[in-house]
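Structure record follows, encoded as C-alpha cells.
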Amino acid sequence: MTHIRRVPEPLTMRDRRLAFDEGPRIMGVLNVTPDSFSDGGLYADPRAAVEHGLRMAADGADLLDVGGESTRPGAEPVSAGEQLRRVVPVIRGLREAGLSVPISVDTRLAEVAAGALVAGADAVNDVSALRDDPELAAVVREYRAGLVLMHMQGTPATMQREPQYEDVVEEVAAFLGARVEAAAAAGVGREYLAVDPGIGFGKTTRHNLLLLKHLDRIKALGRPVLLGVSRKRFLGELLGEDCPGRRLFGTAAAVAWAALAGAHILRVHDVKEIAQVVMVCRAIVDAK
Ligand code: PMM
C-alpha cells in the first residue's frame, strides 16, 4: 500500500504534464470504432464521441485515449486513412469544445499519430511499443509527444491463440525495459515515456493475474505504469460473465488492487465509478 507514494517524475506530453503525486490518474477510453469488444459502435458518430469524451472529463478523467482501431483478439488492422477519418474529427471537436485534459491517440501508425497530434492530441498510445511502424518514433520526437509503450505477444489477430511464457513477469518487464531503451535511442526523452504490461494482449487469465500481482517489477523500470484492465476477458473468465458491460465490479476490484499497488494511469471505460474507487483507495492510504 505504501507503494502508492513512490512517485515517478510527471509524464510530459507536448505542453502538458501529468503528475502522479496525488495518486493514480484516470484515462477514459474513447473508442471511435465499429467493433471494439465492449463499446464498439457506440461512438462511431463524431458528435456522440465528443459528447462522451466531455462527459468522461467531467466525471473525473485526467486524460482521454481516442482510438480508431480495435485491438481486441482476432481484430484485423485498420488502414491509416480510415483511422484518421475516425479520430481526427473527434480530437478536433474535443479541443473546439474546450477540453483541457491531455488526449492520447491509440494507434500503431506514424501517419495516424501525426494527424492526431496536428488535430490536438498530446500523446501516442502504441500497443506495438514502436515495433510496427519504423517512422513512429520520429513523429513522437518531432512533436515532443508522450508515448505509451505496451507489451503484446503476437498480433491482435493471433495473440490469444496460445500465449506462452517461461516467466511472464520477467519477460514482460525485460521487454518493456528494452523498448524504453529503444525509444530513448530513437531520440524520445524518457520523461515522455510510460509503460504498460498489456493486460489481455497475448496472455491467459493466469498471466494477467501474475502481472497484476507483481506490478512492482514493472514499476521498477522507473516510468509511469499504465494498466488497462477495464471490462477485459480475464474478468469475464473469473466471474463467468460473458457481457463486458457487466464486468464493472470485477473491474473495480482489479483497479483497487492496481491503485494500491501503485499503478499510475488506469485506462477505463466507466470513469465516474472508477474515479470513486480510486478516491476511496487514496483516502485510506492518506489517512493519518
Ligand atoms: N487495451 C485496449 C486497447 N488499447 N492500450 C493500452 N495502452 N493498454 C491497454 O490495456 C489497452 C490499450 C483494448 O481495450 P478497448 O477495446 O476497450 O479499447
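Remember, it's 1-based here, ligands and their atoms both numbered in the order they're listed. Quick caveat, the model's predicted, so the values are computed rather than measured.
Counting heavy-atom neighbours within 6.0 Å of R179 CZ, excluding the residue itself, gives a total above 12.
For atom 4 (N) of ligand 1, the closest non-hydrogen atom of the protein is D106 OD2, 2.9 Å. Looking at atom 17 (O) of ligand 1, its nearest protein heavy atom turns out to be H269 NE2, 2.7 Å. Considering only non-hydrogen protein atoms, atom 16 (O) of ligand 1 sits nearest to F37 CD2, 3.4 Å. Atom 6 (C) of ligand 1 has D196 OD2, 3.1 Å as its closest protein atom, hydrogens excluded (heavy atom only). The protein atom (non-hydrogen) at minimum distance from atom 5 (N) of ligand 1 is N125 ND2, 3.0 Å.
Remark: E237 does not engage K232 in a salt bridge, criterion side-chain N to carboxylate O under 4.0 Å. One finds no salt bridge joining R131 and D126 here, because no Lys/Arg side-chain nitrogen approaches an Asp/Glu carboxylate oxygen to under 4.0 Å.
In this pair, Y43 and H52 present their aromatic rings parallel. The plane angle is below 30°, not in the 30 to 60° band.
The residue V229 has no part lying near ligand 1, judged by heavy-atom distances below 4.0 Å. When non-hydrogen atoms are compared, ligand 1 lies under 4.0 Å from the side chain of R267 (C-beta onward) but not from its backbone. Contacts with ligand 1 closer than 4.0 Å are made by no heavy atom of D65, backbone or side chain. With a 4.0 Å heavy-atom cut-off, ligand 1 is reached by the side chain of K232 but not by its N, CA, C or O.
For ligand 1, the atoms closer than 4.0 angstrom to any heavy atom of M150 are 6 (C), 7 (N), 8 (N), 9 (C). Within the listing of ligand 1, atoms 10 (O) sit less than 4.0 angstrom from a heavy atom of G228. The atoms of ligand 1 that sit less than 4.0 Å from any heavy atom of N31 are 15 (P), 16 (O), 17 (O), 18 (O).
For the atom pair CZ (R108) and CG (D133), the distance works out to 10.5 Å, reported to the nearest 0.5 Å. Once rounded to the nearest 0.5 Å, the distance linking CG of L136 with CZ of R141 reads 11.0 Å.
Both I218 and F234 are part of a single hydrophobic cluster, where members link through side-chain heavy atoms under 4.5 Å apart.
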Please evaluate residues L212 and V229 with respect to the criterion side chain to side chain contact (heavy atoms under 4.5 Å, CB included), reporting the C-alpha separation (whole Å), side-chain torsions for both, the decisive distance (0.1 Å), and the verdict. CA-CA 9 Å; L212 289 169; V229 295; 4.0 Å; yes
